Amino acid sequence: MKKRIFTLSIILLCTTICIMAQDKKVTLHIIETSDVHGAFFPVDFFENKPLEGSMARVSTYVNRLRQQHEGNVILLDNGDILQGQPTCYYNNYIKTDVKNVAAEVINYMRFDAETFGNHDVETGHAVYDKWIRDVECPMLGANIIDTATGKPYVAPYAVIERSGVRVAVIGMLTPAIPNWLNEALWSGLRFEEMVSSARFWVNYVKEHEHPDLICGLFHSGWDGGIATSHYDEDASKKVAEQVEGFDIIFFGHDHTEHNVTTDRGVLCLDPSCNAIKVADATVELTQQADGHWHVTKKEGRIVDIRREAIDEQFVRHFQPAIDSVKAYVDRRIGFFTRPIRTRDCFFGSAPFTDFIHNLQLKITGADVSFNAPLSFDSSIEAGDVYVRDMFKLYRYENQIYVMRMTGEEIRKHLEMSYDLWVNTMQSPDDHIMLLSEAAQNDMQRYGFKNLTFNFDSAAGIDYEVDVTKPDGQKVHILRMSNGEPFDEAKWYKVALNSYRGNGGGELLTRGAGIPKDSLNSRIIYMSELDQRYYLTQEIERLGTLTPEANNNWRFVPSAWAEPALRRERKLIFGE
């Protein structure tokens with residue numbers, strides 16, 4: 001009898017152990033920030049006012065999760081962190097004798113991994129190589145290849161362990177870098193197509209690391225963007241649909257919120273930009289009798305961080321950095337007798353755009369200038385002008401280029417620009433702007449169908465844009481602005497920013513018809529420093545300025561265009 005009871009006890013004990021092993025569960029929270037663009041602190045240095053989103057609010061959210069879930073939180077950043085707020089410029093190029101503040105924020109918040117973004121590469125080797133050294137978590141980029149070694153320039157993946165669960169994170173960057181940036185900024189690197197790179201590294205990680213969960217961390221949008229025979233700019237959707245093995249893909253770059261699950265069951269999350277929201281994936285795993293973990297549940301949400309309180313300890317820690325940036329941007333450099341606004345640039349020749357046009361022509365001696373509004377709705381008010389205003393006047397650290405273009409190429413470049421920008425009106429009541437309801441909440445399009453930073457206008461020539469004509473036939477160049485004839489067969493010197501000159505927006509390639517591999521041979525001048533530096537110098541030199549529109553171009557026929565422009569201004573900006 002005793003023997004039977006003992007045997008039953010052993011059986012029950014073994015059964016209980018097996019049930020316990022099978023029932024052991026772990027719930028992970030994996031948080032992603034993406035395209036933070038310098039929104040570290042709760043102050044908008046452009047406007048000298050509180051910032052909507054910031055890493056100071058993200059910190060509050062993450063700290064609460066860490067307390068609630070006993071450390072089972074993984075924190076990831078998806079790049080484009082080195083450019084945006086004046087904080088970045090100050091730490092990238094002026095205050096360079098300390099750790100980059102972008103790295104300091106990542107370190108302070110104890111991020112577990114980070115990827116490169118295209119705007120991080122845009123800062124150049126000196127800045128991003130130092131940033132890589134300053135960051136204490138793994139920097140990822142499986143498809144960023146060092147041409148000297150043939151191996152990834154930074155770690156291709158990281159393995160992060162929480163409560164016995166092994167999570168592999170594979171990082172990748174959009175391979176479209178050469179379409180935007182001069183090779184000097186990424187010398188010694190090449191960027192592999194994402195689908196094939198992802199397939200290789202998923203298999204490698206499975207074989208060598210035996211993870212329980214595989215995540216992608218991709219600085220590449222969902223789909224669309226530049227598409228060539230070799231790669232897609234926005235390839236996250238393709239990877240999710242075509243590469244077996246991913247459980248979750250965190251992505252970004254397109255500044256567009258996404259929360260979708262593919263037919264394969266891959267959870268795909270994009271929190272948009274500027275530390276306004278984060279992606280939060282909740283993953284439940286159950287341990288099997290053999291010790292392996294199996295995903296039993298996963299769900300994602302996009303969390304609005306603006307509802308969170310500011311982490312005051314975070315602010316106190318970074319107060320010296322905040323004070324330094326504030327002192328830098330508060331320096332007075334000149335005086336404007338009238339305000340200038342980017343919103344005016346969408347409706348015709350405007351002081352904001354033309355101020356930059358005229359500076360490009362003056363610095364370079366070029367015949368023609370191309371330029372687009374780089375911010376949707378920025379303004380510099382009448383009165384004192386400060387360094388902070390320069391970041392509203394010119395958002396990015398682009399150089400000035402001069403390129404050789406024929407008159408025909410100039411016209412075709414503008415044709416594509418205005419085809420992206422304006423509608424072909426069939427009646428006086430039609431929209432004149434090319435708008436899209438689907439883009440109302442898109443933080444890169446703001447209701448326009450296409451990206452507003454590709455809406456190039458020109459100076460140095462007088463021209464009309466006939467909005468009743470079909471695409472490719474809208475632009476009629478009347479003359480050079482100095483009164484000389486304009487000749488489509490003649491070669492001209494054209495000033496433009498480095499993003500455009502390297503092929504950004506495809507206006508030179510798809511629009512003007514210049515082969516991508518011919519662009520470098522067309523460049524006859526590159527400024528040593530960034531556009532903003534020269535704008536600042538010019539304002540300081542002149543002291544007091546009255547920016548005016550060149551009025552060298554207009555939408556026609558005026559009987560249709562002028563009422564339509566008034567309607568559109570009221571619709572878009574409420575005025």
Side-chain angles (χ1 to χ4, degrees), residues 6-32 61-78 110-114 137-138 140 142 155-171 198-218 239-240 243-251 259-269 278-303:
F6 177 77
T7 302
L8 287 170
S9 298
I10 294 296
I11 292 169
L12 286 170
L13 178 62
C14 291
T15 303
T16 301
I17 291 170
C18 290
I19 291 170
M20 288 174 65
Q22 289 175 343
D23 287 345
K24 184 176 180 183
K25 296 181 185 296
V26 168
T27 299
L28 302 180
H29 282 267
I30 309 176
I31 312 301
E32 177 210 14
Y61 180 75
V62 172
N63 288 340
R64 185 171 66 253
L65 282 184
R66 283 171 170 158
Q67 292 170 1
Q68 292 172 348
H69 300 284
E70 299 179 350
N72 282 340
V73 174
I74 294 173
L75 184 56
L76 308 172
D77 181 71
N78 193 36
R110 293 182 287 128
F111 274 76
D112 295 290
E114 181 166 23
C137 69
L140 308 181
Y157 65 88
V159 177
I160 302 159
E161 190 165 322
R162 294 287 187 273
S163 297
V165 176
R166 289 170 60 79
V167 180
V169 180
I170 299 171
R199 188 172 287 120
F200 172 85
W201 285 107
V202 165
N203 292 332
Y204 183 95
V205 163
K206 284 182 176 179
E207 181 180 350
H208 292 84
E209 302 291 353
H210 309 291
D212 303 297
L213 192 75
I214 299 180
C215 299
L217 187 60
F218 303 159
V239 174
V243 179
E244 189 73 40
F246 285 101
D247 296 286
I248 307 171
I249 289 177
F250 298 97
F251 64 103
N259 181 0
V260 297
T261 300
T262 68
D263 292 340
R264 288 173 174 261
V266 183
L267 176 62
C268 302
L269 299 171
V278 299
D280 184 340
T282 302
V283 187
E284 183 184 274
L285 300 99
T286 302
Q287 192 173 41
Q288 304 299 301
D290 60 3
H292 292 295
W293 293 90
H294 175 67
V295 176
T296 52
K297 183 180 179 182
K298 60 186 174 186
E299 59 183 9
R301 60 187 184 130
I302 306 300
V303 181

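If you're wondering where the values come from, they're calculated on a predicted model, not measured in any experiment.
We find the CG-CG distance between Leu28 and Leu65 to be 12.0 Å, quoted to the nearest 0.5 Å. The CD atom of Glu244 sits 10.0 Å away from the CG atom of Asn203 when rounded to the nearest 0.5 Å. For the atom pair Phe250 CZ and Leu217 CG, the distance stands at 8.0 Å (nearest 0.5 Å). Once rounded to the nearest 0.5 Å, the distance linking CD1 of Ile302 with CD of Glu32 reads 7.5 Å. Separating the CG atom in Leu267 from the CZ atom in Arg301 is a distance of 12.5 Å, to the nearest 0.5 Å. Rounding to the nearest 0.5 angstrom, the gap separating the NE2 atom in His69 from the CZ atom in Arg64 is 9.5 Å.
Side-chain contact between Val73 and Gln68: absent, with no pair of heavy atoms (C-beta onward) separated by less than 4.5 Å. Between Pro211 and Val159, the closest side-chain pair of non-hydrogen atoms is not below 4.5 Å. Side chains of Asp280 and His29 form a contact here, defined as non-hydrogen atoms less than 4.5 Å apart. Side-chain contact between Lys25 and Thr27: absent, with no pair of heavy atoms (C-beta onward) separated by less than 4.5 Å. Looking at heavy atoms from C-beta onward, Ile31 lies in side-chain contact with Tyr61 at the 4.5 angstrom threshold.
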- Message: Before you tell me yes or no, could you show the steps for Val26 and Arg162 under side chain to side chain contact (heavy atoms under 4.5 Å, CB included), namely the whole-Å CA-CA distance, both residues' side-chain angles and the distance that decides it to 0.1 Å?
- Response: CA-CA 9 Å; Val26 168; Arg162 294 287 187 273; 5.8 Å; no

- Worked check of side chain to side chain donor-acceptor pair (under 3.5 Å) between Thr296 and Glu284: CA-CA 6 Å; Thr296 52; Glu284 183 184 274; 3.0 Å; yes

- side chain to side chain contact (heavy atoms under 4.5 Å, CB included) between Leu213 and Trp293, intermediate numbers included: CA-CA 9 Å; Leu213 192 75; Trp293 293 90; over 6 Å; no

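For Glu161, the CD atom is densely surrounded, since the number of other residues' heavy atoms within 6.0 Å is greater than 12.
A distance-only check finds a donor-acceptor pair linking the side chain of Arg166 to the backbone of Glu209 [under 3.5 Å]. The backbone N or O of Leu76 lies less than 3.5 Å from no partner atom in the side chain of Asp112, so there is not a single donor-acceptor pair. When atom types are taken as modelled, the side chain of Asn259 and the backbone of Gly300 share a donor-acceptor pair closer than 3.5 angstrom. Put simply, the side chain of His208 gets close to the backbone of Tyr204: a donor and an acceptor are under 3.5 Å apart. For Lys298 (side chain) and Asp247 (main-chain N/O), a donor-acceptor pair under 3.5 Å exists by modelled atom type.
The nearest pair of heavy atoms linking Ala281 to Leu269 is CB-CD1, 3.9 Å. Asn78 and Phe218 make their closest contact through ND2-O, 2.8 Å (heavy atoms, listed as atom of the first residue, atom of the second, distance).
Remark: Ser163 pairs with Asn72 by the side chain to side chain donor-acceptor pair (under 3.5 Å) rule, at least two apart or across chains.
Between Tyr157 and Trp201, the angle of the ring planes lies from 30° to 60°, which puts this pair in the tilted group.
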